[in-house]
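The structure appears below as structure tokens.
Order of the sequence lines fixes the chain letters, A, B, ..., with proteins taken first and strands second; residue numbering starts at 1 for each chain.
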2 protein chains.
Amino acid sequence: MAGKTMERPDGPEVKLDELLCFGIYAAGHAFNRVYKQLLDDLNVTYPQYLVMVLLWERDDQTVGELGSRLFLESNTLTPLLKRLEALGYIARRRDPSDERQVRISLTEAGAALRAKAATVPACIQAASGLTAAQARQLLSGVTALRAALDSYEPE
Amino acid sequence: MAGKTMERPDGPEVKLDELLCFGIYAAGHAFNRVYKQLLDDLNVTYPQYLVMVLLWERDDQTVGELGSRLFLESNTLTPLLKRLEALGYIARRRDPSDERQVRISLTEAGAALRAKAATVPACIQAASGLTAAQARQLLSGVTALRAALDSYEPE
DNA sequence: TGCGATTAGATCGTGTGCGATATAAATTGG
DNA sequence: CCAATTTATATCGCACACGATCTAATCGCA
């Protein structure tokens, strides 16, 4: 018998610091704050940087393609992309073969930004305090977690 | 020689799916989406839920105490707390012994909410697809990461 | 062929996060 | 004891996220 004896005013005793969700949430903010310092030079925010990373990987993608990689919808991406366009880093134009789609492509300034951003990954790695192997392992854990959460449907 | 031969248009070849920051970022959003379904019944958002968790841990804390636990400042917390107050879950009043501080306490409805939220942790655990041990291990990794990022200052 | 259904983006409203700044209360050093 | 500084919170502006809804273009199929 025994085990956890009555200490249950109402629900299970949830402790903030034992919640994985909070660890992820707080780590996300911490990353954002470090990135902000590094990205201020480039005049882009962290989500904008992620879009640029995708375009540096492969130029000329639709809003939907970018969204499926980032797990974001057009309601988030459209304004963000308009800001990148206003900054002169990308161009947005309707695909002539399917006018529903908007294709995003790098401008010259957007392509050139890649060089200026070249030092960012090393700074982030240093700030993370992790070896490449540790980072890979943690990434594999959070990626599996994300996949499980994404596929969760209550019944 | 060789090794990585020239494949360097400009910077290091950053791939979105190899970025730990992005894994964390996306996992955070995924958590948020799962929580949203569970918390809609309670009429609170995920950050509001975190505040409630802290108050269920210990009632009557100042804005600053809550902020230091959540790594948030008053510019984020003040409006959030006002919404919780408008919902009737908390009360905000100035500390008579130091009028600069605002003490946050649970109302009866706020204390009662704990029972309604009792099923949330188990749902989240199920959605995460992780055993308790796996979750603990991942949490320890992201917590160390957050600590490293928090202490990073590019001189 | 034509019309209803689907698809791709855009728009709107709400709620965070956070930098910058404001305000008011407490503390401190001369 | 009081002016200068520090501390606690609030306010403002901007940029995400995301649910809900809208519009326009394409598709499916009778």
Side-chain angles (χ1 to χ4, degrees), chain A residues 21-22 24-37 39-40 42-51 61-68 70-87 92-104 146 149-150, chain B residues 21-22 24-37 39-40 42-51 61-68 70-87 92-104 146 149-150:
Chain A
C21 59
F22 175 66
I24 301 272
Y25 167 88
H29 291 164
F31 256 130
N32 222 314
R33 291 189 267 263
V34 174
Y35 265 105
K36 186 160 315 198
Q37 308 177 59
L39 297 180
D40 269 355
L42 316 180
N43 265 300
V44 296
T45 65
Y46 174 65
Q48 288 168 8
Y49 171 74
L50 294 181
V51 168
Q61 301 190 52
T62 66
V63 174
E65 285 172 325
L66 296 172
S68 77
L70 294 168
F71 308 100
L72 295 175
E73 313 266 323
S74 68
N75 50 5
T76 298
L77 279 176
T78 297
L80 186 157
L81 293 169
K82 285 186 174 178
R83 281 174 213 117
L84 282 176
E85 184 184 36
L87 285 166
R92 297 161 63 246
R93 65 181 93 63
R94 294 272 166 189
D95 186 329
S97 78
D98 182 346
E99 291 274 345
R100 290 172 304 179
Q101 300 187 139
V102 170
R103 305 204 69 89
I104 307 299
R146 183 201 47 67
L149 292 170
D150 278 345
Chain B
C21 60
F22 175 67
I24 300 272
Y25 167 88
H29 291 164
F31 256 130
N32 222 314
R33 291 189 267 262
V34 173
Y35 265 105
K36 187 160 314 199
Q37 307 178 57
L39 297 180
D40 269 355
L42 316 181
N43 266 299
V44 296
T45 66
Y46 174 65
Q48 290 167 6
Y49 171 73
L50 294 181
V51 168
Q61 301 190 53
T62 67
V63 173
E65 285 172 324
L66 295 171
S68 78
L70 294 168
F71 307 100
L72 295 174
E73 313 265 322
S74 68
N75 51 4
T76 298
L77 279 177
T78 297
L80 186 158
L81 293 170
K82 284 187 174 178
R83 283 175 210 115
L84 282 177
E85 183 183 37
L87 286 166
R92 297 162 62 246
R93 65 181 95 61
R94 294 275 165 186
D95 186 329
S97 79
D98 183 345
E99 291 274 345
R100 290 172 305 179
Q101 300 188 135
V102 170
R103 306 202 70 89
I104 308 299
R146 182 201 48 67
L149 292 170
D150 278 346

So, do [X] and [Y] sit near enough that their side-chain heavy atoms are less than 4.5 Å apart?
X: B/Y25; Y: A/Y46; value: yes
X: A/F22; Y: B/Y49; value: no
X: A/V51; Y: A/V44; value: no

Quick one: do B/H29 and A/L72 satisfy side-chain contact (heavy atoms from CB on, under 4.5 Å)? Show the steps, please.
CA-CA 9 Å; B/H29 291 164; A/L72 295 175; 4.2 Å; yes
Euclidean distance, atom CG of residue A/L81 to atom C1' of C/dA8 [Å, nearest integer]:
13 Å
Chi angles and distances behind the side-chain contact (heavy atoms from CB on, under 4.5 Å) call for A/I104, A/L66:
CA-CA 9 Å; A/I104 307 299; A/L66 296 172; 3.8 Å; yes
Full working for salt bridge (Lys or Arg N to Asp or Glu O under 4.0 Å) between A/D150 and A/R146:
CA-CA 6 Å; A/D150 278 345; A/R146 183 201 47 67; 2.6 Å; yes
Just do the side-chain contact (heavy atoms from CB on, under 4.5 Å) check on B/T78 and B/V102 with the steps written out, would you?
CA-CA 10 Å; B/T78 297; B/V102 170; over 6 Å; no
Can a side chain N or O of A/T78 be found less than 4.0 Å away from OP1 or OP2 on C/dT11?
no
What is the 5' to 3' range of DNA chain D, first to last nucleotide, that sits under 4.0 Å from any heavy atom of chain B?
D/dT7 to D/dC18
How is B/R103 classified with respect to the nucleic acid when contacts are heavy atoms under 4.0 Å: base, sugar-phosphate, or nothing?
nothing
I'd like to compare against my own output: the B/S/- annotation of nucleotides 14-27 of chain C with a strict under-4.0 Å heavy-atom distance to protein.
-SBBBBB----BS-
Is the number of heavy atoms from other residues, nucleotides or ligands under 6.0 Å of A/E73 CD greater than 12?
no
